[in-house]
Q: 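Could you have a look at this structure, given as structure tokens, before my questions?
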Amino acid sequence: MADKRKFYIDGAWVNPAKAHDLEVIDPATEDAIAVISLGDRADTDRAVAAAKAAFPAWSRTPPAERLAYAEKILAIYKRRAAEMAAAITDEMGAPQDMALAAQTGVGIYHIENFITAFKEFEFVRPLGPHAPTSMVSWEPIGVVGLITPWNWPMNQVTLKVLPAILAGNTAVLKPSEIAPLSSMLFAEIVHEAGVPKGVFNLVNGDGAGVGTQLSTHPDVEMISFTGSTRAGIAITKAAADSLKKVALELGGKGANLIFADADAKAVERGTRHCFYNSGQSCNAPTRMLVERSAYDAAVETAARVARETAVATGHQAGNHIGPVVSKVQWDKIQGLIQKGIDEGARLVAGGTGLPEGVNRGYFVRPTVFADVTNEMTVARQEIFGPVLSIIPFDTEEEAVAIANDTVYGLTNYVQSQNGERRNRLARQLRAGMIEMNGEALGRGSPFGGVKASGRAREGGVCGLEEFMDSKQISAWSV
Ligand code: NAD
């Protein structure tokens, strides 16, 4: 079992102040594969102190110098991509091809987009032609605490660490204690890139410990958090006394509105998207809303896709889905599938229990419920497993009402060949992102939601501004 008990603080791997061991479990085998330490207050204080000491010099480095470090991080990250993918497969179960192309690849995508945005970024710019000596200056915030989840580990780490340090902040990262190995490798990459000591620090720990210590720390000026809505609320409250800036990326319950004039692949695409990453994506289209005339065919297609979706260990090649991350998640998903059955949804594929022929690992059967109403638990709660709920609708107005009837507002989806309808719906749906007809959002488009999905905007130029304060200046000498 790998010994990963050190923290990366002030440019070096250091021993924890006290021993609090936690085993990292491979969800495909249920075996312990590594042991980490959960940090103590002394470890958090040490990391924050290192970041605080590094801030004055780092925040004054010329932008070109910080850009050069980001480019070095990118080059090393690309060189070590296979190692990164293996760490992600081990810690959270993503199948190896997907772990390399998507889980690791998305980190490359974000770093490249930040580099592009940063090259064009004007730190000091005029307010407008009406006030030529009034300037807006974009300034780093200070020491930032970064708290990340396990489901897309490098997606979240690159969306936070790169803009934080490019903006001139110094950072303390607390990755998920369930999937810390990829972040520890990321710390090695930052170290290899030669980023000055104290600029980036990593302390492992849980939410009650290091997570809360960062959220309440008087020397931490901002918390950027991705994870559950429950933890987002706890962090907001914990951060209130020290009036930190808090940026939250939380859960979702995405609606996918499929009209009778949708393209022929819409239902299959939506079902596969829901099951992708074993359903463990905050932007998963988990509520499929289908126009009545296309409904029966859609249910049939979704059930077929579920039956065709292979479930297997991430340690083998192929385009199957892997296990879910932990026993806790597996139990939660089983309970919600049972709840769907008990509340009267029609189970058309999958169900409770392990997939056929599997007797260990946290594998879930790809599951489809039809005839779901939006009041049922499976339509209201984020399940975070491969479980699709299909709901029929008769009119566009009804579809919008169902889609918006949720506490969440991260991503909604629309499938229709009618451009006027798409544009109308894009404005009416309450969410941070609207993806239509299977077309991805453009490079550098910010990721984020509204309502209980949190209101952070991560990625590209908006993601850089998220880690800065704007300062207003008069009588600028031009
Ligand atoms: P989680 O909230 O349990 O944990 C996320 C991180 O927060 C972990 O590092 C954890 O240790 C820490 N944490 C937990 N409680 C804390 C507290 N009280 N104070 C400080 N830190 C605390 O979530 P998870 O189970 O790891 O991740 C799944 C959740 O994340 C899902 O709800 C999912 O939708 C959400 N998510 C959202 C996005 C997004 O961008 N909107 C992206 C990925 C995941």
Side-chain angles (χ1 to χ4, degrees), residues 20 22 24 27 36 38-39 44 91-92 94 103 106 110 145-160 172-180 182-183 202-217 220 223-240 244 246-254 276-286 324-333 336 381-385 406-411 431-433 441 445-459 463 466:
H20 297 290
L22 181 75
V24 180
I36 61 161
L38 297 179
T44 307
E91 69 189 3
M92 59 73 67
Q103 286 275 7
V106 76
H110 291 316
L146 313 175
I147 303 177
T148 56
W150 45 262
N151 61 332
W152 282 91
M154 277 306 109
N155 180 60
Q156 283 108 12
V157 165
T158 54
L159 277 174
K160 295 187 193 308
V172 179
L173 169 66
K174 189 210 83 62
S176 167
E177 65 276 30
I178 298 166
S182 54
S183 289
L202 177 149
V203 183
N204 281 317
D206 57 17
V210 179
T212 305
Q213 288 151 17
L214 285 173
S215 312
T216 51
H217 204 292
V220 173
I223 295 285
S224 173
F225 170 75
T226 300
S228 62
T229 299
R230 172 202 63 77
I233 293 167
I235 287 170
T236 305
K237 287 180 182 168
K244 293 185 202 328
V246 178
L248 303 173
E249 291 281 15
L250 310 174
K253 194 72 200 176
Y276 193 55
N277 203 35
S278 304
Q280 302 167 117
S281 300
C282 45
N283 61 352
T286 50
V324 298
V325 74
S326 65
K327 177 80 166 70
V328 171
Q329 284 298 115
W330 193 87
D331 286 342
K332 182 185 151 205
I333 296 162
L336 285 164
Q381 274 193 33
E382 186 182 45
I383 300 176
F384 240 50
T406 171
V407 295
Y408 295 111
L410 193 58
T411 315
M433 295 166 285
L441 297 169
S445 181
F447 190 98
V450 298
K451 305 198 295 181
S453 294
R455 286 196 157 79
R457 293 291 178 270
E458 295 193 312
E466 187 87 299

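For ligands, and for the atoms within them, numbers begin at 1 and follow the listed sequence.
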Q: Purely on distance, is any nitrogen or oxygen of Phe447 under 3.5 Å from one on ligand 1?
A: no

Q: When you look for heavy atoms under 4.0 Å from ligand 1, do you find them on the side chain of Thr229, its backbone, both, or neither?
A: neither

Q: Please check this pair: side chain of Lys174 against backbone of Gly211, looking for a donor-acceptor N/O pair closer than 3.5 Å.
A: no

Q: Do Gln329 and Trp150 have side chains that get closer than 4.5 Å, going by heavy atoms?
A: yes

Q: Just which atoms of ligand 1 are under 4.0 Å from any heavy atom in Ala234?
A: 18 (N)

Q: Is a side-chain donor or acceptor of Ser453 paired with a backbone partner of Leu250 at a separation under 3.5 angstrom?
A: no

Q: Please confirm whether the backbone N or O of Gln280 pairs with a side-chain atom of Ser278, one donor and one acceptor, at under 3.5 Å?
A: no

Q: May I ask you to identify the nearest protein heavy atom to atom 2 (O) of ligand 1, giving residue, atom name and distance to one decimal place in Å?
A: Ser228 OG, 2.5 Å

Q: Tell me the contacting part of Glu177 for ligand 1: side chain, backbone, both, or neither, using a 4.0 Å heavy-atom threshold, strictly below.
A: side chain

Q: For Phe384 and ligand 1, answer yes if some heavy atom of the residue is under 4.0 Å from a ligand atom, otherwise no.
A: yes

Q: How far is atom 42 (C) of ligand 1 from the closest protein heavy atom, and which atom is that?
A: Cys282 SG, 2.8 Å

Q: What do you reckon, does Gln156 put a non-hydrogen atom under 4.0 Å from ligand 1?
A: yes

Q: When only distance counts, is Trp150 in polar contact with ligand 1, meaning an N/O pair under 3.5 Å?
A: yes

Q: Is there side-chain contact between Ser182 and Val157, with at least one heavy-atom pair below 4.5 Å?
A: no

Q: Below 3.5 angstrom, do we get any N/O pair linking Ser215 and ligand 1?
A: no

Q: Would you mind listing which atoms of ligand 1 come within a distance below 4.0 Å of any non-hydrogen atom of Gly251?
A: 34 (O)

Q: For Glu466, check side-chain hydrogen bond (donor to acceptor under 3.5 Å, both in side chains) against everything at least two apart and list the hits.
A: none

Q: In terms of atom number and element, which parts of ligand 1 are under 4.0 angstrom from non-hydrogen atoms of Ser176?
A: 9 (O)

Q: Compare all side-chain heavy atoms of Thr226 with those of Glu458 and state whether any distance is below 4.5 angstrom.
A: yes

Q: Could you tell me whether a side-chain N or O of Arg457 sits under 3.5 Å from a main-chain N or O of Gly449, the two making a donor and an acceptor?
A: yes

Q: So is there a nitrogen or oxygen of Lys174 less than 3.5 Å from a nitrogen or oxygen in ligand 1?
A: yes

Q: Counting distance only, does the side-chain N/O of Asn277 pair as donor-acceptor with the main-chain N or O of Asn151 below 3.5 Å?
A: yes

Q: Any non-hydrogen side-chain atom of Ser215 less than 4.5 Å from a side-chain atom of Ile147?
A: yes

Q: Could you tell me the residue and atom name of the protein heavy atom closest to atom 37 (C) of ligand 1, and the distance to it rounded to 0.1 Å?
A: Leu250 O, 2.8 Å

Q: So, Glu382 side chain and Gly252 main chain: donor-acceptor pair closer than 3.5 Å or not?
A: yes

Q: Quick one: which ligand 1 atoms are inside 4.0 Å of a heavy atom on Asn151?
A: 43 (C), 44 (C)

Q: To the nearest 0.1 Å, how far is atom 12 (C) of ligand 1 from its closest protein heavy atom, and which atom is that?
A: Ile147 CG2, 3.6 Å

Q: Specify whether the nearest protein heavy atom to atom 30 (O) of ligand 1 is under 4.0 angstrom away.
A: yes

Q: For atom 35 (C) of ligand 1, what is the nearest protein heavy atom, given as residue, atom name and distance?
A: Gly227 O, 3.0 Å

Q: Run the numbers on Thr148 and Gln156 for side-chain hydrogen bond (donor to acceptor under 3.5 Å, both in side chains), then give the verdict.
A: CA-CA 6 Å; Thr148 56; Gln156 283 108 12; over 6 Å; no

Q: Give yes or no for whether the N/O distance cutoff of 3.5 Å, strictly under, is met between Gln329 and ligand 1.
A: no

Q: What residue and atom, counting heavy atoms only, is the protein's closest point to atom 40 (O) of ligand 1, and at what distance?
A: Glu249 CB, 3.1 Å

Q: Kindly determine whether Lys160 and Ser224 satisfy side-chain hydrogen bond (donor to acceptor under 3.5 Å, both in side chains), including the steps that lead there.
A: CA-CA 7 Å; Lys160 295 187 193 308; Ser224 173; 3.1 Å; yes

Q: Applying a strict 4.0 Å limit to heavy atoms, is Arg230 in contact with ligand 1?
A: yes

Q: Main chain of Ala284, side chain of Ser281: is a donor-acceptor contact present, judged purely on distance under 3.5 Å?
A: no

Q: Please list the nearest protein heavy atom to atom 7 (O) of ligand 1 with its residue and the distance rounded to 0.1 Å.
A: Phe225 CE1, 3.0 Å

Q: Could you list the atoms of ligand 1 found under 4.0 angstrom from a heavy atom of Ile235?
A: 19 (N), 20 (C), 21 (N)

Q: May I ask you to test the Val106-His110 pair for a side-chain heavy-atom distance under 4.5 Å?
A: yes

Q: Is there a side-chain contact between Cys282 and Glu249 (heavy atoms, below 4.5 Å)?
A: no

Q: Taking heavy atoms and a distance under 4.0 Å, where does Leu410 meet ligand 1: side chain, backbone, both or neither?
A: side chain

Q: Within the 4.0 Å heavy-atom shell around Glu382, which atoms of ligand 1 are there?
A: 31 (C), 32 (O), 33 (C), 34 (O)

Q: Please identify which atoms of ligand 1 are closer than 4.0 Å to at least one heavy atom of Ala231.
A: 2 (O), 14 (C), 15 (N), 16 (C)

Q: Does Gly454 come within less than 4.0 angstrom of ligand 1, counting non-hydrogen atoms of the residue?
A: no

Q: In terms of residue, atom name and distance, what is the protein heavy atom nearest to atom 17 (C) of ligand 1?
A: Gly207 O, 3.7 Å

